[in-house]
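Report on the following structure.
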Amino acid sequence: MKNWTTADIPQRNSGLAIITGSTEGIGYEDARALSSAGWTVIVLGRNPQKGAESIGRIQQSNPKAKVSFEKIDLADLSSIKSFASRMMAKGQAIDLLINNAGVMTPPKRLETADGLELQFGTNHIGHVALTAQLLPLLRQSPDARVVTLSSVANREGTINFDDLQSKLSYVPGKAYSQSKLANLMFALEFQRQSDKHGWGITSMAAHPGVSRTNLLITGAGRWSVAGMARTFLPFLFQPAAQGALPTLYAATSGAAEGGRYYGPNKLMETRGFPSVAKIPTQAEDRHVSRRLWAISQELANVEF
């Protein structure tokens with residue numbers, strides 16, 4: 001794994017990869033690298049214009065890239081269902097799903113179209129809904145992988161079953177940490193459920209360290225403390241292409257293992273090359289994981 005880069009991604013002539021939130025940032029770098037390695041990639045996002053621009057950039061650098069855009073809003077369960085229905089109608093096996101899209105620390109409490117707190121609803125419940133509805137197509141692949149993006153912020157997270165939607169108290173960073181802890185716990189529990197039910201799907205989690213994307217600016221805002229650090233102190237953040245490496249390692253490396261968590265290897269996992277990341281103690285609580293698994297399905301209106 002030492003200094004693993006995109007040059008180590010195995011080349012292939014087939015394979016369908018679906019990446020949420022991939023019109024920019026980490027997801028875009030995932031799409032660019034995978035299409036260069038021969039994957040057929042579906043870029044998912046809310047904005048068709050951004051999607052077209054992203055695909056154009058990928059095809060400009062790689063005219064042979066097999067990449068297309070599909071619209072989806074992870075903050076709207078009906079949008080997720082619509083996309084999943086379109087995929088089911090096509091019936092093509094899905095070899096890789098990267099649950100990457102995210103919302104980070106909006107200063108005021110916002111809700112999804114279904115009345116969930118925006119960060120928990122988008123980052124976690126939206127991906128639960130998507131993964132569950134694509135499960136039949138993932139099971140059609142002989143070696144499907146699901147990689148769910150977490151964050152170093154999960155270290156401060158707790159799953160507050162008494163106030164999952166932050167209605168009683170909304171603290172932006174606290175809600176974000178809960179959502180990213182939920183992402184990690186979902187990835188670990190999904191592997192246990194896959195083993196239990198014989199789905200044949202490998203589930204892993206990854207995080208990008210501290211990377212230079214627009215997530216802070218579009219969430220907390222450009223003039224928040226974090227947003228200004230991102231704008232005026234860019235040297236504190238590693239490039240998005242570097243931050244994408246743990247995800248790409250989990251998605252493609254033959255050495256990546258189900259139920260593991262990958263992140264950068266330097267400066268407390270804030271930057272560097274892919275390595276096994278430390279799982280916070282609270283993410284290893286299987287009782288909480290099972291309860292979260294059950295409640296998440298109810299909120300997402302799905303069953304695995």
Side-chain angles (χ1 to χ4, degrees), residues 9-23 26-48 50-52 54-59 62-74 76-101 126-149 186-187 190-191 193-194 197-204 206 244 247-248 250-254 256 258 300-304:
I9 297 177
Q11 292 290 315
R12 56 190 294 164
N13 296 318
S14 63
L16 175 61
I18 293 176
I19 311 169
T20 68
S22 48
T23 59
I26 301 297
Y28 170 80
E29 297 297 339
D30 293 339
R32 189 168 66 90
L34 291 172
S35 61
S36 293
W39 287 79
T40 297
V41 178
I42 297 179
V43 168
L44 297 188
R46 293 178 298 171
N47 188 323
K50 271 190 175 181
S54 300
I55 288 171
R57 291 198 304 273
I58 290 173
Q59 292 180 328
N62 177 18
K64 295 182 179 180
K66 296 171 289 186
V67 58
S68 61
F69 172 81
E70 285 278 353
K71 184 178 179 180
I72 190 172
D73 185 350
L74 271 295
D76 184 343
L77 294 177
S78 66
S79 176
I80 297 168
K81 185 175 182 179
S82 178
F83 167 73
S85 296
R86 296 196 299 272
M87 294 302 300
M88 289 296 293
K90 293 178 182 177
Q92 183 177 357
I94 298 171
D95 302 285
L96 173 62
L97 171 63
I98 299 180
N99 290 323
N100 167 79
H127 285 120
V128 170
L130 179 64
T131 306
Q133 292 177 66
L134 296 181
L135 187 65
L137 298 179
L138 287 161
R139 293 188 64 186
Q140 285 183 25
S141 170
D143 58 353
R145 296 189 189 190
V146 175
V147 182
T148 301
L149 271 288
F186 169 70
F190 186 55
Q191 182 62 60
Q193 294 292 328
S194 180
H197 298 290
W199 294 337
I201 300 169
T202 300
S203 173
M204 290 166 278
T247 302
L248 291 166
T252 66
S253 173
N301 195 27
V302 294
E303 288 186 7
F304 280 91

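- Note that the NZ atom of K71 and the OG1 atom of T23 stand 12.5 Å from one another [nearest 0.5 Å].
- The number of heavy atoms from other shown groups lying within 6.0 Å of CG (N13) does not exceed 12.
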With a 3.5 Å cut-off and sequence neighbours excluded, list the donor-acceptor pairs that the side chains of residues 38-46 form with protein atoms.
none

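- Side-chain contact check for S54 versus F69: every heavy-atom pair is 4.5 Å or farther apart.
- The closest donor-acceptor contact from the side chain of S203 to the backbone of A187 lies under 3.5 Å.
- In this structure, the side chains of N99 and I19 stay at 4.5 Å or more apart for every pair of heavy atoms.
- Of the possible donor and acceptor atoms, one in the side chain of N100 sits under 3.5 Å from a partner among the backbone N and O of T20.
- The environment of K66 atom NZ is dense: over 12 non-hydrogen atoms of other residues, nucleotides or ligands sit within 6.0 angstrom.
- Inter-residue side-chain proximity for F190 and T131 is flagged as met; some heavy-atom pair is nearer than 4.5 Å.
- Between A93 and S141 the shortest heavy-atom distance is CB-N, 4.0 Å.
- Smallest separation of non-hydrogen atoms from I58 and A65: CG2-CB, 3.8 Å.
- For the pair I98 and I18, the minimum side-chain heavy-atom distance is 4.5 Å or more.
- Within the 4.5 Å cutoff, the side chain of M204 has heavy atoms near those of the T202 side chain.
- One finds no salt bridge joining R57 and E29 here, because no Lys/Arg side-chain nitrogen approaches an Asp/Glu carboxylate oxygen to under 4.0 Å.
- You'll find the side chain of L138 reaches within 4.5 Å of the side chain of L97, heavy atoms only.
- From F83, atom CZ reaches atom CG of L130 across 6.5 Å, with rounding to the nearest 0.5 Å.
- Taking all atoms of both residues into account, the shortest heavy-atom contact from L77 to A129 is CD2-CB, 3.8 Å.
- Here I55 contributes atom CD1 and S35 contributes atom OG; the two are 10.0 Å apart, rounded to the nearest 0.5 Å.
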*Step by step, work out the side chain to side chain contact (heavy atoms under 4.5 Å, CB included) result for L248 and D30.*
CA-CA 6 Å; L248 291 166; D30 293 339; 3.6 Å; yes
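- Within 6.0 Å of CG on D76 lie more than 12 heavy atoms contributed by other residues, nucleotides or ligands.
- Between the CD atom in Q193 and the CG atom in L135 there is a gap of 11.0 Å [rounded to 0.5 Å].
- With hydrogens and angles disregarded, no donor-acceptor distance shorter than 3.5 Å links the side chain of S22 to the backbone of G27.
- Nearest approach of I80 to D73, heavy atoms of both residues: CG1-O, 3.8 Å.
- Residues R145 and D95 are not in side-chain contact: their nearest non-hydrogen atoms beyond the backbone lie 4.5 Å or more apart.
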_Go through it in stages, so that I can follow the logic: the residues are V128 and F186, the test is side chain to side chain contact (heavy atoms under 4.5 Å, CB included), and I'd like the CA-CA distance, side-chain angles, deciding distance and then a yes or no._
CA-CA 8 Å; V128 170; F186 169 70; 3.9 Å; yes
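- Between R32 and S36, the side chains place no donor N or O within less than 3.5 Å of an acceptor N or O (distance only, hydrogens not considered).
- With rounding to the nearest 0.5 Å, the separation of CZ in R139 from NE2 in H197 is 9.5 Å.
- Between the CZ atom of R12 and the OG1 atom of T252 there is a distance of 9.5 Å, given to the nearest 0.5 Å.
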*asked:* side chain to side chain contact (heavy atoms under 4.5 Å, CB included), that's the test. Do I72 and L74 meet it? Break it down for me.
replied: CA-CA 6 Å; I72 190 172; L74 271 295; 3.8 Å; yes
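- Side chain of S194 to backbone of I201: a donor-acceptor contact under 3.5 angstrom is found.
- If you check the side chains of T148 and H127, you find no donor sitting under 3.5 Å from an acceptor.
- M87 has its side chain out of reach of Q92: every pair of non-hydrogen atoms, C-beta onward, lies at least 4.5 Å apart.
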